[in-house]
Number of protein chains: 2
Amino acid sequence: MLRLSTKGQYGVRAMYEIARGYPDEPVNIKSISRRQDVSIHYLEQILNRLRRAGLIKSVKGPGGGYLLTRPPEEISIAEILEELEGPFALTSCLNPEEGCVRVDRCVTHLLWKSLGWQIESFLRTVTLDDLLKGFKPLDYQTLLKRARV
Amino acid sequence: MLRLSTKGQYGVRAMYEIARGYPDEPVNIKSISRRQDVSIHYLEQILNRLRRAGLIKSVKGPGGGYLLTRPPEEISIAEILEELEGPFALTSCLNPEEGCVRVDRCVTHLLWKSLGWQIESFLRTVTLDDLLKGFKPLDYQTLLKRARV
DNA sequence: AAATACTTAACTATTTTTGTCAAGTATTTT
DNA sequence: AAAATACTTGACAAAAATAGTTAAGTATTT
């Protein structure tokens, strides 16, 4: 249930590897593949989307690879996942493109929407920099502070 | 991404209908099907699992149907979803039955685990009674209080 | 010119989801 | 006892999503 696809998982792990080279050491796809146990071809597919989204840029030629376009502390996990997996809509009726025909009568609509908010706001508080420093679950106090509630 | 299956969605909606009959009015499958637009056969499959899990009981014969085994305020959405979709493990490596071979090296392991906790603890604070009363997203203060942080 | 490295599109196997179908069993009412 | 109502169970199957592979490039630096 509520499973994250491998695309999202691999994408975050790849971004972690690229973040390690920030700000000026391009990380090539082969080393990401080796360190994270993901096939080069599959990574290409994933990194392509992240590049088009502007989260990373590529450097061609020998010694080339991928670089973050912004500092690790400014890139949240939510951003990465949104690019690879779309909006945080837990049900198809919450997807802006599909819509819901029974919103009015639906007793669970707000529930799933709230859960989506919870997930999204949590993931917005976690950045690549947190992963670099060795992510530890944050206590509620810190979470609240970061979420500016 | 992170999509809830229809089984989980329909299950919660069916439980809502059954909760409306609490404590002594059995709700038959046909009326759940009609009110929630879900096929009878599919509902049978879902209600069967919930019954085996002890969340509901069935009454046979004319006038029969399904009844909650506990008051609506004691049955959380988390309980229902766990029965229908398994544990809140966002990645297969977090599933107790599968396990993870690279926990030590995995930089995202704790992240997904924390997210799972967030989701689960949120859903534990929402009960069928909340749905009956018309669920409104709770503010953080109330959430914290309910979660006994 | 050669080596390194990224780019893109098309394709496919596998798995999961979302149901349906069929053949029951159990209980109550008349 | 018979009929009606209602739940019970397991097997099966179509459709969609996921997870990846293959192939044929293009771009840049040394």
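Each chain gets a letter, A, B and so on, in the order its sequence line appears, and its residues count up from 1.
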Please state how far atom CZ in A:Arg52 lies from atom C1' in C:dA9, giving the value in whole angstrom units. 10 Å
Quick one, A:Leu2 and B:Arg3 - any side-chain contact, counting heavy atoms below 4.5 Å? no
Taking only N and O in the side chain of B:Arg51, is any of them less than 4.0 Å away from OP1 or OP2 of D:dT8? yes
Side chains of B:Thr108 and A:Gln9, donor plus acceptor under 3.5 Å: no
Which whole-number value in Å describes the distance from A:Ile56 CD1 to C:dA5 P? 16 Å
Runs of at least three consecutive Watson-Crick or G-U pairs, both distances under 3.5 Å, are what I'm after; which ones involve DNA chain D? C:1-30 with D:1-30
To the nearest angstrom, the CG-C1' distance between B:Asn48 and C:dG24 comes to 13 Å
Sort and list the pairs that fulfil salt bridge (Lys or Arg N to Asp or Glu O under 4.0 Å) and have at least one residue in residues 109-122 of chain A, not counting sequence neighbours. A:Glu120-A:Arg124
So for atom CD, which belongs to A:Glu25, do other residues, nucleotides or ligands contribute more than 12 heavy atoms lying within a distance under 6.0 Å? no
With sequence neighbours excluded, give me every ring pair (Phe, Tyr, Trp, His ring centres under 6.0 Å) pair touching residues 10-61 of chain A. A:Tyr10-A:Tyr42
For the residue pair A:Ile119 and A:Leu90, establish whether any side-chain heavy-atom pair is separated by less than 4.5 Å. yes
With rounding to the nearest 0.5 angstrom, report the NZ to OH distance, B:Lys57 to B:Tyr66. 14.0 Å
Ignoring backbone atoms, test whether A:Arg3 places a side-chain nitrogen or oxygen under 4.0 Å from the OP1 or OP2 oxygen of C:dT17. no
So among A:Ile56, A:Val27, A:Leu50, which one has a side-chain contact (heavy atoms from CB on, under 4.5 Å) with A:Leu68? A:Ile56
Could you check how far CD1 of B:Ile46 sits from P of C:dT17, rounded to whole Å? 13 Å
Under 4.0 angstrom between B:Ser58 side-chain N/O and D:dA6 OP1 or OP2: no
Is it true that A:Gln36 and A:Glu17 share a donor-acceptor pair across their side chains at a distance under 3.5 Å? yes
Short heteroatom pairs, N/O only, protein and nucleotides 18-22 of chain D, under 3.5 Å:
residue : atom : partner : partner atom : Å
D:dA19  : OP2  : A:Thr6  : N            : 2.9
D:dA19  : OP2  : A:Thr6  : OG1          : 3.1
D:dA19  : O5'  : A:Thr6  : OG1          : 3.3
D:dG20  : OP2  : A:Tyr10 : OH           : 3.3
D:dT21  : OP2  : A:Ser39 : OG           : 2.8
D:dT21  : O4   : A:Gln45 : NE2          : 2.9

B:Leu50 CG - D:dC7 C1' separation (whole Å): 14 Å
Of all residues at least two apart in sequence or in a different chain, which pass the side-chain contact (heavy atoms from CB on, under 4.5 Å) check with B:Arg70? B:Leu55, B:Glu74, B:Ile75, B:Glu79
Using a cut-off of 4.0 Å on non-hydrogen atoms, how would the nucleic acid contact of B:Asn28 be classed: base, sugar-phosphate, or nothing? sugar-phosphate
From CG of B:Leu43 over to C1' of D:dA6, roughly how many Å is that when rounded to an integer? 14 Å
So if I define the base as every atom that isn't primed, P, OP1 or OP2, how would nucleotides 25-30 of chain D read as a B/S/- string at a heavy-atom cutoff under 4.0 Å? --SBB-
Report the distance from atom CG of B:Leu84 to atom P of C:dT18, rounded to the nearest whole Å. 12 Å
Please examine the side chains of B:Thr91 and A:Thr6, heavy atoms only from C-beta on, and report whether any two atoms are closer than 4.5 Å. no
Could you check whether A:Leu47 gets within reach of a base, just the sugar-phosphate, or nothing at all, counting any heavy atom under 4.0 Å? nothing
Could you check if a side-chain atom of A:Gln45 sits within less than 4.5 angstrom of a side-chain atom of A:Lys7, using non-hydrogen atoms only? yes
